[in-house]
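Below is the structure I would like to discuss, written out as structure tokens.
In this chain, numbering begins with 1 at the start of the sequence shown. Just so it is clear, the values below take in all heavy atoms, side chains as well, and ignore hydrogens, waters and symmetry mates.
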Amino acid sequence: MTISTTDPAGGASGPGQAPVAPGPALHDAGWDALAADGSVVRIRPITAADEAALKAMNERLSDRSVYLRFFALDRRGADEHAHHLADGSPGHRALVAESAGRVVGVASYEHLRPGEAEMAFLQDDAVHGRGIGTLLLEQLAAVAREAGVHRLRADTLAENAAMLRVFTDSGFEQTHRFDSGVVELLLDTSYSPRTLDRMAERERQAEDRSLRPMFSPAVVAVIGAGRTPGGIGHEVLRALTAGGYRGELYAVNPRADRIGDVAAYPSILAVPGPVDLAVIAVPAGHVATVLAECGRKGVAGAVILTSGFSELGADGLQREILAIARRHSIRLIGPNCLGIVNTAPEIALNATFADVTPVPGSLAIAAQSGAVGIAVLDHASRIGLGISEFVSLGNKVDVSGNDLLLHWWNDPRTDVIALYLESFGNPVKFGRLARLVGQTKPVLVVKGGRSSGGRRAGASHTAAAATPDTAVDALFEQSGVLRMDTVEELVETARVLAGRPLPKGNRLAVIGNAGGAGVLAADAAGRLGLEVPELSAATQQELTESTGAVGAGNPVDLGAAASPETLKRALRVVLDSGEADSVLVCYAATRAGSVSETYAAIAGAAAGSEVPILVTCLGAPEAEPRIPLANGSYLPVFPFPESAVRALAHAVRYAAWRSRPQGVVPQLDHVDAEGARTVVRRFLQRRPDGGWLDPEQAEQMLQCAGIPVVHSIRASDREQALTAAGLVGYPVVLKTAAEGIVHKTDVGGVHLGLTDEPAVEAGYDAIAAATGDRHVVVQAMAPASTEMVVGMVRDALFGPIVMAGSGGVLTDLMADRRWRGLPLTDLDASEMVRSLRCAPLLAGYRGAEPADEAAVLDVLHRVAWLSETLPEIAELDINPLTAAPSGAVAVDAKLHIAPAGPAPDWYARHLR
């Protein structure tokens, strides 16, 4: 097979390529993605009807492209190949790329042997440089991976540097071999971290180009701008003019020539010249018609303020406007939204109908709720927190939180990203993007829906403990997202993070003229995990001598009569000491002092400091909410010490996450994927609807994962139980093996520490009477140890989430649990275990020999491996897992198996 092309973003195949039949797992209608230039490209399975379009594309190819494509100037061969692709036959797959309704590329593969196939690409000369070939490569690899193809093979001429660069730059793991002017390439279809990083960077660039006309438009048209105040369209037009929008502004109203000082036209098609952004405020029934006109006009982006779509059950109408937008490469915000803001002086875009004028700054905000968006803008404006951009997402028909993370990732005006979300479209991808973005910018989220009213029903401890919020918390913990409980907390935390240095540790110094406020601050710090260490004797002496401090230990109490100069000296002493990673100044305004002079003193002491400084001003409600510094930044001023400390604690947590390594997913030995799949396959053949594995099957599954298991012997009568006890050795444990009983202890199905035959006989009879079933399991007693629970539950939206916690009888009593999603890194697992309340027991409490923590962590990773390898595992529960100095052993395990389709491709570059 030969592959060649002149396009740096595409490829071609040589003659003889077999046709491709779309498999049942593919979406017949296809999916949308962004090309490198920001335009929307549709990728879909090929059909027989595409033959004419492929032949037309062949006719448009240059002679050079035909030669590189077919290794000869053979246009007849090109047409034969088009027929071959469109004809369809088993064992082949092909995808076509459409741009503006025209087929501009095709990618295909042909099976060679199990797990391996040969790939081929062809692309229209007219779309060179738009990254469509790279998109096709990504999508073909995803389709191949879903079909069980692990390697894609290709041959291309060594002179075809452009095609080789496509493969090399893709990020997929690959090997090359050069032979007689041809490069033989073998590409791994799996996602490696490098692959995902390259894909994310390409997606970031595409998103930025796609959204730029919306946030930095040269021309804006407000469609549905009424002539009288009060209407949404009219108010948006007023906001744009009042905010000083720097570009050209037009109104669209069929019954007006002008609205205020803005020229009006009867339709968007009548507006002179190109339009970048359309703000649509017409009735819902007219939006589709208006949007289609925007498409014919070449509008790049639209903000739909109109309500009356999916929020009121009109899903079909919402799907219609999305289809129109995708057909014309229009990016949509909304519908049912408040609008967007860009405070950049050269843009000054306020396309909202909120009665708030945002202050320019470095906080980017996206809110799914218009009311919450107004609340955030209002609170930020009142405390002087500046905004870079604001987006009201509304129904999120197109642009989502993921899109905006990519857009704000490298935005030079944005330091902090704040999101209010009520739902996720692709939470796994959100987590990975947030982790990448968080390396340079903090991401703050208020997530609606913390209620546990939707607690899932599950027979295992793990599933029963998983609330609707569990997966969200796990996702945020792993990706460094700071979860806020309230909008106020979000805004206050953003004040600490925006434009300020990050704390280098958790040591807090409290200084002020109000001893009570200092005590409250210290108490809050203790509750939130911050340290308020006593200052060194030398620092205390210097404070006492230079300021006359009433108390110099920490908090530092300067006394109510302290002057601004005294406060300045005290603050400087503490900053110079190096004994604090952050400082909170608690100032109580009195008649004897001046707030403005005190602010100036604090600013003077803070000049040039790399230590974060927060201020609490008590008793002066009209005081400015921020203190300007000479370098143009500000110190945030809070009304109460507790809110200041809470915001600082979030900043400390973010700084610690950002400074730590990201961790790696360990490579596991002694795992048997095929053996585990065999257990599942045989179980589902017997029980197609799924169910719980019996004890022997569960033990076999754990052994396939390399998890040590206490050996079990089944018995169906008293004599067999006695024989089994003799084989495993006394003392023994008897457990019911009755089908359908998951919580054995609750029904009297467990008897421990049986030391002789009479005890075994009595235990057996008691279990049979309690359960009505004579089947039992006999195990040797595990050595004295700390009992833990390790489990997994598969969330329909978030995928598998893994749990570790206190086990045995403490599982539900203590509710001592930690959760993480996949992939589970070594640091994720360590943090799970070391943050448990039972962690001191594992470490060797009160002189006890410590448990083998490495063995516990190894079990966690093996549970994660099982979860990733076998999508049929719906629930998994190891309880107890005994953690002893000699290792970690599973004593009891429950696995619920359910039929599963192909795992979702969380990372593919698909627009929702």
Hey, are Glu422 and Lys447 close enough for a salt bridge, meaning a charged N less than 4.0 Å from a carboxylate O?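 Salt bridge between Glu422 and Lys447, a charged N being under 4.0 Å from a carboxylate O: no.
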
Begin with the C-alpha distance, continue with both residues' side-chain angles, and end with the deciding distance and a verdict on salt bridge (charged side-chain N to carboxylate O under 4.0 Å, His left out) for Glu203 and Lys429. CA-CA 12 Å; Glu203 191 167 17; Lys429 187 172 182 178; 2.8 Å; yes

Tell me, with the steps shown, if Asp828 and Gln478 meet side-chain hydrogen bond (donor to acceptor under 3.5 Å, both in side chains). CA-CA 7 Å; Asp828 292 331; Gln478 283 177 278; 3.0 Å; yes

Is a donor from one side chain sitting under 3.5 angstrom from an acceptor on the other, for Thr825 and Gln662?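 Their side chains do not contain a donor-acceptor pair, so the 3.5 Å distance test is not met.
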
Can you see which heavy atom on Arg500 is nearest to which on Ile613, and at what distance?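 Answer, listing the atom of Arg500 first, then Ile613: NH2-N, 4.1 Å.
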
With Leu444, the side chain to side chain contact (heavy atoms under 4.5 Å, CB included) member among Val416, Val491, Ile417, Val481: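 The single option meeting the side chain to side chain contact (heavy atoms under 4.5 Å, CB included) with Leu444 is Val416.
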
Does either side chain, that of Asp403 or that of Ser400, offer a donor lying less than 3.5 Å from an acceptor on the other one?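 Yes, because at least one side-chain N or O of Asp403 sits under 3.5 Å from a partner of the opposite role on Ser400.
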
Any chance you could measure Ile340, atom CD1, to Leu349, atom CG, to the nearest 0.5 Å?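 The distance works out to 5.0 Å.
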
Do Val446 and Asp485 come close enough that some side-chain heavy atom pair is under 4.5 Å?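 The answer is no; the side chains never approach within 4.5 Å.
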
Could you measure the distance from the CG atom of Leu528 to the CZ atom of Arg646? Nearest 0.5 Å is fine.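 If I round to the nearest 0.5 Å, the distance is 9.0 Å.
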
Mind checking whether Asp276 and Val220 have side chains closer than 4.5 Å, heavy atoms only?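 Answer no - side chains too far apart.
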
Student check: side-chain heavy atoms of Leu584 and Cys586 closer than 4.5 Å: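 They are in contact (side-chain heavy atoms under 4.5 Å apart), so the answer is yes.
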
Taking the side chain from Asn342 and the backbone from Ala348, do they hold a donor-acceptor pair closer than 3.5 Å?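 No.
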
Check: Arg413 side chain, Asp411 main-chain N or O, donor-acceptor pair, under 3.5 Å: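 Not a single qualifying donor-acceptor pair exists.
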
Geometric cation-pi criterion Arg495 and Tyr634, 6.0 Å radius, 45° cone: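 No cation-pi geometry.
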
Is Leu618 close to Pro641 at the side-chain level, that is, under 4.5 Å between some pair of heavy atoms?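 When only atoms from C-beta onward are counted, Leu618 and Pro641 do touch, with a gap below 4.5 Å.
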
Before you tell me yes or no, could you show the steps for Arg626 and Leu635 under side chain to side chain contact (heavy atoms under 4.5 Å, CB included), namely the whole-Å CA-CA distance, both residues' side-chain angles and the distance that decides it to 0.1 Å? CA-CA 5 Å; Arg626 58 184 188 171; Leu635 298 181; over 6 Å; no

Can you name the side chain to side chain donor-acceptor pair (under 3.5 Å) partners of Arg818, sequence neighbours left out?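 Here the qualifying residues are Ser835.
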
Can a donor-acceptor pair be found, under 3.5 Å and without considering hydrogens, that links the side chain of Thr539 to the backbone of Leu535?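 Here the side-chain-to-backbone pair does not exist.
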
Is the shortest heavy-atom distance from the side chain of Glu531 to the side chain of Leu508 under 4.5 Å?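 Glu531 does not reach Leu508 side chain to side chain.
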
Check whether Ser830 reaches the backbone of Asp826 with its side chain - one donor and one acceptor, N or O, closer than 3.5 Å.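 Yes.
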
Output, in order, the C-alpha distance, side-chain angles, deciding distance and verdict of side chain to side chain contact (heavy atoms under 4.5 Å, CB included) for Met832 and Leu824. CA-CA 10 Å; Met832 289 176 75; Leu824 186 74; 3.9 Å; yes

Contact check, side chains of Thr241 and Val262, non-hydrogen atoms, under 4.5 Å: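 Yes. Closest side-chain heavy atoms under 4.5 Å.
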
Counting distance only, does the side-chain N/O of Arg507 pair as donor-acceptor with the main-chain N or O of Gly578 below 3.5 Å?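 Flag set: sc Arg507 to bb Gly578 pair under 3.5 Å.
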
Would you give the length of the straight line joining atom OG of Ser392 to atom CZ of Phe353, rounded to the nearest 0.5 angstrom?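 With rounding to 0.5 Å, OG (Ser392) is 7.5 Å from CZ (Phe353).
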
Between Lys568 and Glu597, does at least one N-O distance fall below 4.0 Å, as a salt bridge requires?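 Here Lys568 does not pair with Glu597 in a salt bridge, since their nearest N and O are not under 4.0 Å apart.
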
Could you tell me the separation between the CZ atom of Arg435 and the CG atom of Leu196, rounded to the nearest 0.5 Å?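 Atom-to-atom, Arg435:CZ and Leu196:CG are 11.5 Å apart.
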
May I ask you to check whether Thr343 and Glu389 show a side-chain donor-acceptor distance below 3.5 Å?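 There is no such pair between these side chains.
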
Which heavy atom of Ser536 sits nearest to which heavy atom of Glu579, and what is that distance?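 Shortest heavy-atom contact: OG-OE2, 2.6 Å.
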
Judged by atom type as modelled, is there a donor-acceptor pair below 3.5 Å linking the side chain of Thr493 to the main-chain atoms of Leu490?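 No, the answer is negative, given that no donor and acceptor are paired below the 3.5 Å cut-off.
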
So, are Arg569 and Glu545 salt-bridged, with charged N and O less than 4.0 Å apart?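 No, no charged N to carboxylate O under 4.0 Å.
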
Stepwise, does the side chain to side chain contact (heavy atoms under 4.5 Å, CB included) test hold for Val391 with Ile365? CA-CA 6 Å; Val391 181; Ile365 303 171; over 6 Å; no

Would you say the side-chain atoms of Asp816 pair up with the backbone N or O of Gly805, donor to acceptor, closer than 3.5 Å?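 No: the side chain of Asp816 does not pair with the backbone of Gly805.
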
Rounded at 0.5 Å granularity, tell me how far CD1 in Ile374 sits from CG in Leu338.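 Rounded to the nearest 0.5 Å, the CD1-CG separation comes to 5.0 Å.
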
More than 12 heavy atoms from other groups under 6.0 Å of CZ on Arg572: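 Check passes, neighbour count above 12.
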
Expected output: side-chain Asn513 to main-chain Ala588 donor-acceptor under 3.5 Å: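 Pair found, side chain donor or acceptor close to backbone of Ala588.
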
Quick one: closest heavy-atom pair of Ala351 and Val279, and the distance?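 Looking at all heavy atoms of both residues, the closest pair is CB-CG2, 4.1 Å.
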
Output the distance between atom OG (Ser643) and atom CG (Leu648), rounded to the nearest 0.5 Å.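 Output value for this atom pair is 11.5 Å.
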
Report the C-alpha separation of Val611 and Asp581 in whole Å, then their side-chain angles, then the decisive distance to 0.1 Å, and conclude whether the side chain to side chain contact (heavy atoms under 4.5 Å, CB included) test is met. CA-CA 6 Å; Val611 175; Asp581 300 307; 5.9 Å; no

Got more than 12 heavy atoms from elsewhere within 6.0 Å of CG, Asn631?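 Above 12, so yes.
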
Is there a donor-acceptor contact under 3.5 Å from the side chain of Ser210 to the main chain of Glu207?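 Side chain of Ser210 to backbone of Glu207, a donor-acceptor pair under 3.5 Å: no, none is there.
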
For residues Asn426 and Arg432, determine if any side-chain heavy atom of one lies less than 4.5 Å from a side-chain heavy atom of the other.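 No. Closest side-chain heavy atoms not under 4.5 Å.
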
Can you list every ring pair (Phe, Tyr, Trp, His ring centres under 6.0 Å) pair that touches residues 404-437, not counting sequence neighbours?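 Every pair satisfying ring pair (Phe, Tyr, Trp, His ring centres under 6.0 Å) with a residue in residues 404-437: Phe215-His407, Phe424-Phe430, Phe424-Phe798.
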
Cationic N near anionic O, under 4.0 Å, Arg527 to Asp523: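 Here Arg527 does not pair with Asp523 in a salt bridge, since their nearest N and O are not under 4.0 Å apart.
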
Using salt bridge (charged side-chain N to carboxylate O under 4.0 Å, His left out), reason through Arg834 and Glu853 one step at a time and then give a plain yes or no. CA-CA 9 Å; Arg834 293 173 185 173; Glu853 182 186 87; 2.7 Å; yes

Asn506-Arg653 side chain donor-acceptor pair, cut-off 3.5 Å: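 The criterion, which ignores hydrogens and geometry beyond distance, is not satisfied for Arg653 and Asn506.
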
Verify the distance criterion only: is there a donor paired with an acceptor across the side chains of Thr414 and Ser362 at less than 3.5 Å?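 No, no side-chain donor-acceptor contact under 3.5 Å.
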
Would you say that Leu406 contacts Asp208 through its side chain, given a criterion of any heavy-atom pair below 4.5 Å between the two side chains?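 Contact flag for Leu406/Asp208 side chains = no.
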
Starting from the C-alpha separation in whole Å, work towards a yes-or-no answer on side-chain hydrogen bond (donor to acceptor under 3.5 Å, both in side chains) for His650 and Glu492. CA-CA 10 Å; His650 286 303; Glu492 300 290 12; over 6 Å; no

Single hit among Val583, Asp557, Asn554 for side chain to side chain contact (heavy atoms under 4.5 Å, CB included) with Ile511: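 Exactly one candidate clears the test, Val583.
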
Treating Ser633 as the side-chain partner and Leu629 as the backbone partner, does any N or O pair qualify as donor plus acceptor under 3.5 Å?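 The answer is no, because no donor-acceptor pair under 3.5 Å joins these two groups.
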
With the threshold set at 4.0 Å, does a side-chain nitrogen-carboxylate oxygen contact exist between Lys441 and Asp415?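 No, no charged N to carboxylate O under 4.0 Å.
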
